[in-house]
Amino acid sequence: MEELHTTREHTRDLPPLPSAERGVVMRFAPNPSGPLHIGHARAAVLNDAYVRRYGGRYILRIEDTDPKRVDPEAYTTVREDLEWLGLDIHEVVFQSDRLDIYYRAGEDLINRGGAYVCTCESERFRELKLARKACPCRPLSIEDNLERWHGMLEGSYVEGEVSVRVKTDLDDPDPAIRDFPAFRIVASPPHPRVDAAVFPLMNFSVAVDDHLLGVTHVIRGKDHIANTERQKYIFEYFGWPMPVYRHYGRMSIEGVVLSTSQMRAGIREGTYTGWDDIRLGTLRAIARRGIKPEAVKKAMLDIGIGETDISFSWDNLYARNRDLVDRIANRYFFVSDPVRLVVKGAASKVSHPLLHPSNPGRGTRTLHFEQTVDVPRVELTGTSFLRLKDLFNIRIAGPNEAEHAGDSLNEARAQRAPIIQWLPAGEQLPCILHTQEGDLLGVCEPAVAGELENVVQFERVGFARIDRSSDGRIEAYFAHR
RNA sequence: GCUGCUAUAGUGUAGCCCGGCCAAUCAUUCCGGCCUUUCACGCCGGAGACUGGGGUUCAAAUCCCCAUAGCAGCACCA
């Protein structure tokens with residue numbers, strides 16, 4: 001009888017994917033610009049879930065084709081974050097390793113007449129595009145284009161002077177589709193991993209990679225709908241079959257900062273302590289609070305791939321986490337904003353509260369009552385008749401004074417006395433409980449020091465992860481009630 | 001503005017493709033009660049939704065039209 005109740009299992013099945021019965025190849029393709037946040041987790045988890053369901057391969061593709069948006073540290077942090085999530089990644093691909101592949105495909109596309117090298121000023125091109133008109137470079141011969149293309153690769157052009165464009169329907173109602181760019185020159189900053197100046201744009205490298213890597217199904221946000229249209233041109237020029245796409249709706253996440261640039265600025269200015277500051281929406285921030293990756297996964301699976309815009313609910317995530325953590329978290333007393341009380345008329349007593357109420361086999365803590373206790377200040381505002389949990393009843397007699405009021409639990413219940421947490425004056429550790437709303441200063445049981453990195457439940461306060469224990473001081477991060 | 005997509009309770013979601021079994025599922029949330037030496041967990045009960053308007057039909061959450069709202073894209077970012 002180790003577990004008195006099992007975790008509820010109400011993970012619904014995701015909708016089936018067409019032509020997936022024989023297995024799928026899917027990918028998660030982040031830009032390495034910073035750590036992953038909850039928004040990334042949705043894409044990463046959903047794709048992972050389908051690969052597990054149908055069998056196949058899950059590819060992590062690092063999309064680092066824009067040197068301006070690559071943070072070298074993110075190569076590591078992204079991997080760490082995914083490892084924490086516990087996804088089944090079978091293969092890792094860096095797009096910066098594949099520039100030659102894109103160059104060959106680019107040349108191929110020019111040879112097929114599907115692309116041209118455009119030297120028009122970007123403002124001029126924009127005007128033509130909006131007027132549905134071809135730019136002067138468009139009708140150039142394949143030979144001329146090839147010559148320009150090689151010039152591009154050999155460094156005859158500078159940044160902004162030239163780009164490779166894919167020929168599309170100039171009458172497409174969406175101007176963003178019309179002759180969209182496939183390559184451009186980025187002279188600075190230098191790319192942290194490769195020495196190159198010609199880089200493919202996302203739509204080109206993604207289409208080429210999806211095909212070459214054998215990707216069969218793509219699940220991504222609906223901000224990519226227009227990109228799917230663009231990529232379709234590339235697939236058609238090459239005669240490749242297109243993967244199956246699903247575009248889920250926008251997910252708004254309240255209460256935390258998600259923008260990488262905002263986070264970075266805040267960290268630099270000292271507003272945030274780091275990428276795991278609990279006011280941020282990064283995975284490392286919620287990990288620090290003791291929220292389990294399984295809870296994140298379940299919450300994301302619950303949300304699914306609907307096309308409707310939704311608001312992410314912290315409540316739902318917390319409920320998932322509580323399911324996981326309630327069974328494992330040991331219980332301890334944390335007294336915030338402590339008030340010292342001398343209890344008159346009470347003999348010394350040893351108390352043995354259970355580490356876990358529904359699992360007595362796990363053992364007890366030991367607290368020695370010796371006349372003086374600390375209790376939370378908020379408990380002193382109501383009734384003067386209280387019960388110290390697992391000890392006895394007291395009646396408040398003065399500012400720092402109480403008197404023993406019997407041992408009867410039944411009487412405490414009958415009088416609806418609050419049953420509160422307490423700590424012996426001489427048996428406690430200073431403890432800071434960091435919450436998103438601010439820090440709570442107090443004291444906790446000495447045994448909490450042995451729970452480093454574990455999630456515990458501070459009775460009547462909520463679940464928290466013990467983050468540090470040094471110099472006899474405890475630092476904990478609040479997860480949820 | 002243009003192009004497109006979507007619209008089920010506070011939140012997420014099932015049902016919609018193939019109209020009747022929907023007086024609409026499940027979870028969460030909130031409110032009662034029970035249990036309990038935590039305001040946790042567990043158990044019981046309750047509250048709470050088909051965006052609006054037309055149409056088709058014997059019958060519409062499901063099909064059609066209009067309105068409204070939200071969102072996405074309209075970058076030499078991903």
Side-chain angles (χ1 to χ4, degrees), chain A residues 4-5 8 10-13 15 29-33 63-66 68-70 95 118 120-122 125-126 129-130 159-165 172-178 180-186 199-203 205-206 220-230 247-252 254 298-304 306-320 322-323 325-327 329 331-333 351 353-354 356-359 387-393 407-410 412-413 417-421 457-463 480-481:
Chain A
L4 296 182
H5 36 260
R8 271 167 301 178
H10 26 56
T11 310
R12 252 189 0 276
D13 275 347
N31 168 251
S33 56
E63 306 215 329
D64 55 348
T65 55
D66 182 3
K68 290 179 166 56
R69 292 186 32 136
V70 171
Q95 289 194 316
C118 173
C120 294
E121 212 167 284
S122 60
F125 181 85
R126 190 183 135 79
K129 177 177 73 174
L130 291 176
E159 181 169 337
E161 198 181 4
V162 69
S163 62
V164 177
R165 299 186 178 282
D172 193 294
D174 185 353
I177 305 292
R178 299 173 200 158
F180 66 88
F183 288 90
R184 81 323 199 175
I185 291 173
V186 185
F199 287 93
L201 271 322
M202 174 265 191
N203 281 299
S205 50
V206 163
R220 43 160 38 162
K222 73 177 181 184
D223 44 321
H224 286 292
I225 287 176
N227 290 326
T228 302
E229 284 308 301
R230 288 189 263 224
H247 297 102
Y248 55 74
R250 187 202 145 116
M251 178 166 81
S252 67
E254 287 187 355
K298 283 185 175 169
M300 293 304 157
L301 256 20
D302 219 16
I303 288 168
E307 294 174 64
T308 342
D309 304 319
I310 56 156
S311 3
F312 173 78
S313 161
W314 290 97
D315 268 348
N316 288 342
L317 174 63
Y318 296 159
R320 293 282 179 253
R322 200 178 292 116
D323 265 355
V325 122
D326 184 73
R327 295 177 302 154
R331 270 58 171 170
Y332 294 99
F333 289 152
S351 170
L354 290 169
H356 195 287
S358 44
N359 193 350
R387 180 173 182 85
L388 304 180
K389 187 168 182 286
D390 295 295
L391 196 64
F392 48 61
N393 307 332
D407 291 332
S408 167
L409 176 60
N410 287 339
R413 282 209 171 124
I419 300 172
I420 67 169
Q421 65 274 44
Q457 188 199 53
F458 287 138
E459 298 200 45
R460 292 161 39 88
V461 175
F463 294 94
H480 49 76
R481 291 193 63 93

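Just so you know, these numbers use all the heavy atoms, side chains as well, and skip hydrogens, waters and symmetry mates. If you're wondering where the values come from, they're calculated on a predicted model, not measured in any experiment. Proteins get letters first, then strands, A, B, ... in listed order; numbering begins at 1 in each.
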- May I have the distance from D64(A) (atom CG) to C77(B) (atom P), rounded to whole angstrom?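 Taking atom P of C77(B) as the reference, CG of D64(A) is at 15 Å.
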
- Message: Output the rounded distance in Å from CD1 (I310(A)) to C1' (G10(B)).
- Response: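 Result: 15 Å.
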
- Which nucleotide sits closest to the side chain of M202(A): A40(B), A78(B), U38(B)?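 For M202(A), the side-chain atoms sit closest to A78(B).
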
- Query: Which part of the nucleic acid does D66(A) contact within heavy-atom distance under 4.0 Å: base, sugar-phosphate only, or nothing?
  - Reply: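 Sugar-phosphate, no base atom in range.
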
- Bracket notation of RNA chain B in which parentheses pair within the strand, [ ] cross earlier pairs, and | pairs with another strand (Watson-Crick or G-U, under 3.5 Å): (((((((..(((.......[.....)))((((((.......))))))...(((((..]....))))))))))))....

- Message: With ring pair (Phe, Tyr, Trp, His ring centres under 6.0 Å) as the test, pick out the partner of H480(A) among Y318(A), W314(A), F458(A).
- Response: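 When Y318(A), W314(A), F458(A) are each tested with H480(A), the ring pair (Phe, Tyr, Trp, His ring centres under 6.0 Å) holds only for Y318(A).
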
- Find the distance Q95(A):CD to A78(B):P and express it as a whole number of Å.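 These atoms are roughly 8 Å apart.
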
- Query: Do any side-chain nitrogens or oxygens of R460(A) fall under 4.0 Å of OP1 or OP2 in U37(B)?
  - Reply: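 No.
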
- Heavy-atom pair of closest approach, residues Q95(A) and V206(A):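 Heavy atoms of Q95(A) and V206(A) come nearest at NE2-N, 4.1 Å.
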
- Task: Please measure how far the P atom in A67(B) lies from the corresponding atom in C2(B), and state the result in whole Å.
- Result: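 Their P atoms lie roughly 12 Å apart.
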
- Answer yes or no: is there a donor N or O on one side and an acceptor on the other, between the side chain of R69(A) and the main chain of P32(A), under 3.5 Å?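 Judged by distance alone, no pair lies under 3.5 Å.
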
- Using the P atom in both, what is the distance from G46(B) to A60(B), to the nearest Å?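 Result for the P pair: 29 Å, nearest Å.
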
- Message: Checking contacts here: which listed nucleotide (G73(B), A27(B), C76(B)) is nearest the side-chain heavy atoms of A176(A)?
- Response: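 Output: G73(B).
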
- When rounded to the nearest 0.5 angstrom, what distance separates CZ in R126(A) from SG in C120(A)?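 Separation between the atoms: 15.0 Å.
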
- Message: Does F183(A) reach a base, just sugar-phosphate, or nothing at all? Heavy atoms under 4.0 Å.
- Response: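 F183(A): no heavy atom of the nucleic acid under 4.0 Å.
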
- Atom CZ of F199(A) and atom P of C76(B): how far apart are they, to the nearest Å?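 After rounding, the gap between these two atoms is 18 Å.
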
- Message: Heavy atoms only, 4.0 Å cut-off, all strands: where does R126(A) land among base, sugar-phosphate and nothing?
- Response: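 Counting heavy atoms under 4.0 Å across all strands, the contact made by R126(A) is with sugar-phosphate only.
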
- For C63(B) versus G10(B), give the span between their P atoms, rounded off to a whole number of Å.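 It comes out at 23 Å once rounded to the nearest Å.
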
- May I ask you to verify if any side-chain N or O of R184(A) is less than 4.0 angstrom from the OP1 or OP2 atom of C77(B)?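 So the side chain of R184(A) is within the cut-off, an N or O lying under 4.0 Å from OP1 or OP2 of C77(B).
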
- Is the closest side-chain heavy-atom distance between E161(A) and I185(A) below 4.5 Å?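 Side chain of E161(A) against side chain of I185(A), heavy atoms only: no contact under 4.5 Å found.
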
- Which of these passes side chain to side chain donor-acceptor pair (under 3.5 Å) with Q421(A): R331(A), R460(A), K389(A), E459(A)?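 Among the candidates, only R460(A) passes.
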
- Just compare G73(B), U38(B), U13(B) and give me whichever is closest to any side-chain atom of A226(A).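 From the listed options, G73(B) comes nearest.
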
- Ion pair check, D315(A) and R481(A), cut-off under 4.0 Å: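 Salt bridge: no.
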
- Message: Work out how far the C1' atom of U68(B) is from that of U56(B), and round it to whole angstrom.
- Response: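 The same atom, C1', in both gives a distance of 23 Å.
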
- Hey, is the side chain of S311(A) poking within less than 4.0 Å of OP1 or OP2 on G12(B), counting only N and O atoms?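 Yes.
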
- Integer angstrom distance from the P of U6(B) to that of U29(B):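 Looking at atom P only, U6(B) and U29(B) are 31 Å apart.
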
For nucleotides 2-9 of chain B, list the nitrogen or oxygen atoms of the protein found under 3.5 Å from its nitrogen or oxygen atoms, one pair per line.
from, atom 1, to, atom 2, distance (Å)
C5(B), O2', E307(A), OE1, 3.3

- Short side-chain to backbone donor-acceptor contact, N316(A) and A299(A), under 3.5 Å: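 A pair under 3.5 Å: no.
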
- Message: Using atom P in both nucleotides, what's the gap between C35(B) and C71(B) to the nearest angstrom?
- Response: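 It comes out at 49 Å once rounded to the nearest Å.
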
- Message: Rounded to whole Å, please give me the gap between CZ in R327(A) and P in C41(B).
- Response: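 That distance rounds to 14 Å.
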
- If you check every side-chain atom of R387(A), which of U37(B), U38(B), C74(B) has the closest atom?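 So the nucleotide nearest the side chain must be U37(B).
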
- Query: Mind checking the P distance from C34(B) to A72(B)? Whole angstroms is fine.
  - Reply: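 So the two P atoms sit 48 Å from each other.
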
- Below 4.0 angstrom from OP1 or OP2 of A78(B), is there any side-chain N or O of T65(A)?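 For T65(A), the contact criterion (side-chain N or O under 4.0 Å from OP1 or OP2 of A78(B)) is met.
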
- Item | Which atom of P181(A) lies closest to which atom of L201(A), heavy atoms considered |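 Shortest heavy-atom contact: O-CB, 3.8 Å.
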
- Message: As a quick check of understanding, evaluate side-chain contact (heavy atoms from CB on, under 4.5 Å) for D66(A) and R184(A), giving each step before the final call.
- Response: CA-CA 10 Å; D66(A) 182 3; R184(A) 81 323 199 175; 3.5 Å; yes

- Query: Looking at the side chain of R250(A), which of A78(B), C71(B), A40(B) is the nearest nucleotide?
  - Reply: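 Nearest to the side chain of R250(A) among the choices is C71(B).
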
- Determine the interatomic distance between P on U8(B) and the same-named atom on C16(B); round to the nearest Å.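 Result for the P pair: 16 Å, nearest Å.
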
- State, without any angle test, whether N31(A) and S33(A) hold a side-chain donor-acceptor pair at a distance under 3.5 Å.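 Judged by distance alone, the side chains do pair up.
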
- Query: Looking at the side chain of R331(A), which of U37(B), A78(B), A40(B) is the nearest nucleotide?
  - Reply: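 Among the listed nucleotides, the one closest to the side chain of R331(A) is A40(B).
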
- Item | Residue mapping more 5' on RNA chain B - nearest nucleotide basis, L201(A) or S313(A) |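 The residue mapped nearer the 5' terminus is S313(A).
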
- When you measure from the side chain of R413(A), which nucleotide among U37(B), C77(B), C76(B) comes out closest?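 Between U37(B), C77(B), C76(B), the one nearest the side chain of R413(A) would be U37(B).
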
- Item | Between N227(A) and R230(A), a side-chain donor and acceptor under 3.5 Å |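 Checked: N227(A)/R230(A) side chains pair up, N/O donor to acceptor below 3.5 Å.
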
- Heavy atoms under 4.0 Å, any strand shown: does G221(A) hit a base, just sugar-phosphate, or nothing?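 Answer is nothing: G221(A) stays at 4.0 Å or more from every strand.
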
Polar atom pairs between nucleotides 29-34 of chain B and protein, under 3.5 Å, N or O only, would you list them?
from, atom 1, to, atom 2, distance (Å)
U29(B), OP1, R322(A), NH1, 3.4

- Task: Specify the separation, in whole Å, of atom CD1 of I419(A) and atom P of C39(B).
- Result: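 It is 7 Å, rounded to the nearest whole Å.
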
- Message: Using a 4.0 Å heavy-atom cut-off, does H247(A) contact any base of the nucleic acid, only the sugar-phosphate backbone, or nothing at all?
- Response: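 Contact class for H247(A): none.
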
- I303(A) has an atom CD1; how far is it from atom C1' of C26(B), in whole Å?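 In whole Å, C26(B) C1' lies 15 Å from I303(A) CD1.
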
- Once you round to the nearest 0.5 Å, how far does CG of D390(A) lie from CG of L354(A)?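 D390(A) atom CG to L354(A) atom CG measures 7.0 Å (nearest 0.5 Å).
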
- Message: Quick test of your reading of the model: are R220(A) and E63(A) salt-bridged, counting only N-O distances below 4.0 Å?
- Response: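 Between E63(A) and R220(A) there is no salt bridge, as every charged N stays at least 4.0 Å from the carboxylate O atoms.
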
- Item | Shortest side-chain distance from Q457(A), nucleotide among C76(B), U38(B), A78(B) |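 Output: U38(B).
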
- Nearest-angstrom distance from the residue atom OH of Y318(A) to C1' of C39(B):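 Between C1' of C39(B) and OH of Y318(A): 18 Å.
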
- Message: Between the side chains of D302(A) and R320(A), is the shortest nitrogen-to-carboxylate-oxygen separation below 4.0 Å, so that they form an ion pair?
- Response: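 Looking at D302(A) together with R320(A), the answer is yes, because their closest N to O distance falls below 4.0 Å.
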
